[in-house]
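One structure below.
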Amino acid sequence: MRGLDMPRPTDTAAWNELSKHADAIRGVQLRELFAKDPARAQRLVLHHDDLRVDLSKHRATDETLRLLTTLAEQCGVPAMRDRMFAGEPINDTEGRAVLHVALRNRSARPIVVDGEDVMPDVREVLDRMRAFADEVRSGALRGAKGDRITDVVNIGIGGSDLGPLMVCEALSPYWIGGPIRPHFVSNVDPAHLARTLHDLRPETTLFVVASKTFTTQETIANAKAARAWLVSALGEVAVRSHFVAVSTNHAKVGEFGIARERTFGFWDWVGGRYSLWSAIGMPIALAIGFEHFEALLAGAHGIDEHFRTAPLERNVPVVLAMLGVWYAAFFDAETFAVLPYSQALHRMPAWLQQGDMESNGKSVDRQSKRIEGYTTGPIVWGEPGTNGQHAFYQLLHQGTRLVPVDFLAPLEPEWPRPGTPEPLASMLRDQHTLLLANMIAQAEALMVGKSLEAVTRELEAQGLSKDAIDRLAPHKVFEGNRPSTTMTFRRLDPRTLGALLAIYEHRIFVQGVIWNVNSFDQWGVELGKQLAKTIEGELRGGPSQPHDASTAALVAEARSVIR
Ligand SMILES: O=P(O)(O)OC[C@H]1O[C@](O)(CO)[C@@H](O)[C@@H]1O
């Protein structure tokens with residue numbers, strides 16, 4: 001192996017063995033595995049702090065897990081992981097290190113890029129974030145007219161939106177009733193900004209313009225409109241007290257009119273979709289307070305240490321990643337569903353979609369060759385339970401496709417909070433019990449299913465005729481044998497959330513290594529951006545450009561109504 005030339009997974013001995021093993025196991029029912037070996041319910045469980053990761057409902061035996069671990073070794077996962085932590089430029093198409101782990105490094109260990117420890121700079125930005133967040137939250141730092149800041153609007157998109165938005169939603173008990181309400185505007189659709197501003201007052205609103213590049217069309221358009229809204233109410237002079245920027249591009253921030261002391265930087269070794277741990281997390285720190293933001297970092301750091309040091313077969317992100325590879329490679333699984341039984345985590349699937357699909361949605365490998373013979377990143381999707389049950393679980397249970405799922409749930413309810421009066425408090429507790437019952441039942445139903453015999457017996461007991469039973473029974477059969485991971489934890493606090501998110505980040509990393517792709521570039525987003533610029537010019541009355549007939553017709557139609 002030289003440089004970043006990792007082996008193609010299909011060239012390894014382990015892949016070959018796994019392929020044979022998959023043929024042998026395909027007909028095996030999970031029910032049978034449990035009947036033969038009830039101890040798998042204890043043995044196939046991983047723990048990290050209070051996080052319990054139940055892998056026993058996977059179509060996997062000890063031998064499967066052993067072979068998957070061997071595949072991880074043969075594909076060079078440990079070597080690549082160590083290169084990432086060592087600050088090597090493993091994002092080789094952009095010549096960059098990949099160091100979101102440095103952002104949450106709570107140890108004294110230096111992390112070196114190009115011969116320089118990056119930790120002093122990381123700590124300096126964190127200190128500035130702490131000071132700023134504390135001042136805004138305490139009311140020491142006020143708006144242009146002397147009002148307290150009560151609302152923070154983050155303007156950003158993709159990684160400059162999804163991470164902080166998802167975390168703020170997940171940790172709402174830490175800001176509801178507090179000094180700062182967070183809001184997020186991402187879409188270039190003017191409705192997003194206009195609706196958000198509708199209920200806000202310029203005097204009490206702080207804008208955080210978050211953009212790594214500070215050139216992203218949507219963000220700059222929204223930031224300019226927000227600026228106009230503020231200036232029309234409070235005058236140009238108010239911009240300096242009501243705008244801050246988070247970016248790596250200080251020159252562009254300056255052009256926009258945000259001062260250096262109101263700019264929080266980060267570095268090109270932080271990928272957008274991995275950036276919530278950087279100053280991109282500013283709205284989180286403002287909303288929940290810096291000490292809770294630090295707890296989030298600490299939770300993620302705990303997983304970084306686990307990922308770095310735990311043996312592969314007990315390594316939570318590694319094992320989860322390898323099970324994903326298993327289903328994609330040998331069970332034709334095209335998608336992967338994340339189903340949090342927690343309304344607080346309702347934006348987690350959206351965050352993970354970017355993290356996973358922008359990272360591993362690639363068809364060219366690290367040797368610049370078209371990938372043949374295996375598939376890469378799955379389509380990631382999900383909704384919180386129990387909403388999903390009433391929408392798409394039909395397909396999970398009875399569809400023709402295999403969809404591996406992750407169930408996630410806090411065992412303790414987020415509500416009631418202290419002070420919630422009775423009987424509401426006990427009713428809310430009761431609802432949480434219902435929520436958990438549903439999650440556990442769904443995992444059981446997916447695995448156990450319901451046989452034709454059981455359905456027939458039920459219908460007979462209801463007095464249906466033989467004809468009616470023959471017609472109806474097949475529709476009511478659940479094949480079962482559908483795999484799931486169940487992750488439970490005590491409560492959704494910042495530390496646990498940090499750990500959970502870091503698990504998913506490293507899961508993406510490991511899968512990228514196995515599939516031999518660079519998980520840290522995103523060239524696939526460029527073409528659409530480029531074409532949109534051309535079409536924007538045409539829609540604004542510029543000369544027509546050559547297009548296919550369908551595109552030309554759409555441009556003409558849009559032009560006819562745009563004023
Ligand atoms: O933070 P920026 O530079 O505005 O980019 C926003 C998002 O746009 C992307 O480049 C994709 O278009 C993402 O990778 C990134 O998170």
Side-chain angles (χ1 to χ4, degrees), residues 90-100 103 125 129 153-168 184-189 192-193 207-227 243-256 258 263-284 347-362 377 380 501 504-505 508-509 512 517-536:
I90 60 167
N91 173 0
D92 56 347
T93 57
E94 296 180 314
R96 292 176 182 168
V98 174
L99 278 180
H100 41 281
L103 302 168
V125 174
M129 283 175 73
V153 180
N154 188 76
I155 298 180
I157 196 164
S160 301
D161 165 72
L162 288 164
L165 164 60
M166 174 265 299
V167 171
C168 285
F184 291 84
V185 172
S186 51
N187 201 331
V188 76
D189 181 341
H192 201 178
L193 179 72
F207 292 98
V208 177
V209 186
S211 175
K212 182 174 169 182
T213 54
F214 226 79
T215 56
T216 302
Q217 188 197 47
E218 295 91 331
T219 301
I220 300 307
N222 276 321
K224 283 181 176 162
R227 192 183 203 278
F243 270 84
V244 301
V246 180
S247 186
T248 56
N249 190 342
H250 294 290
K252 286 276 175 206
V253 173
E255 277 170 35
F256 185 86
I258 298 175
T263 305
F264 299 86
F266 58 115
W267 307 273
D268 69 0
W269 41 261
V270 182
R273 51 196 174 272
Y274 300 94
S275 63
L276 75 88
W277 322 99
S278 71
I280 289 289
M282 180 62 99
I284 306 173
R347 292 302 283 162
M348 185 181 164
W351 166 79
L352 189 62
Q353 265 172 351
Q354 187 202 11
D356 202 312
M357 293 164 80
E358 202 166 83
S359 297
N360 288 340
K362 313 275 165 72
V380 178
L501 303 180
Y504 280 94
E505 286 183 344
I508 295 167
F509 174 89
V517 296
N518 176 7
S519 303
F520 303 103
D521 60 14
Q522 59 284 318
W523 303 108
V525 301
E526 294 305 324
L527 179 59
K529 287 187 195 171
Q530 201 182 318
L531 296 183
K533 279 216 174 78
T534 309
I535 292 174
E536 183 195 346

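The basis for the numbers below is simple: all heavy atoms, side chains too, and nothing from hydrogens, waters or symmetry mates. Each ligand, and each atom within it, is numbered from 1 in the order the structure gives.
- With hydrogens and angles ignored, the 3.5 Å screen pairs no side-chain donor or acceptor of S275 with any backbone N or O of V270.
- Taking a heavy-atom cut-off of under 4.0 Å, ligand 1 is surrounded by I157, G158, G159, S160, S211, K212, T213, T216, G272, Q354, E358, Q522, V525, K529.
- A search for side chain to side chain contact (heavy atoms under 4.5 Å, CB included) contacts involving N154 returns F184, V208, A210, P283, not counting sequence neighbours.
- Relative ring orientation between F243 and F256 is described as tilted, the plane-to-plane angle lying within the 30° to 60° band.
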Worksheet item: salt bridge (Lys or Arg N to Asp or Glu O under 4.0 Å) between K533 and E536: does it pass, once the steps are laid out?
Response: CA-CA 5 Å; K533 279 216 174 78; E536 183 195 346; over 6 Å; no
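- Residue-environment remark: CZ (R227) exceeds the threshold of 12 foreign heavy atoms within 6.0 Å.
- Electrostatic pairing of D521 and K362 counts as a salt bridge here, judged by a charged N lying under 4.0 Å from a carboxylate O.
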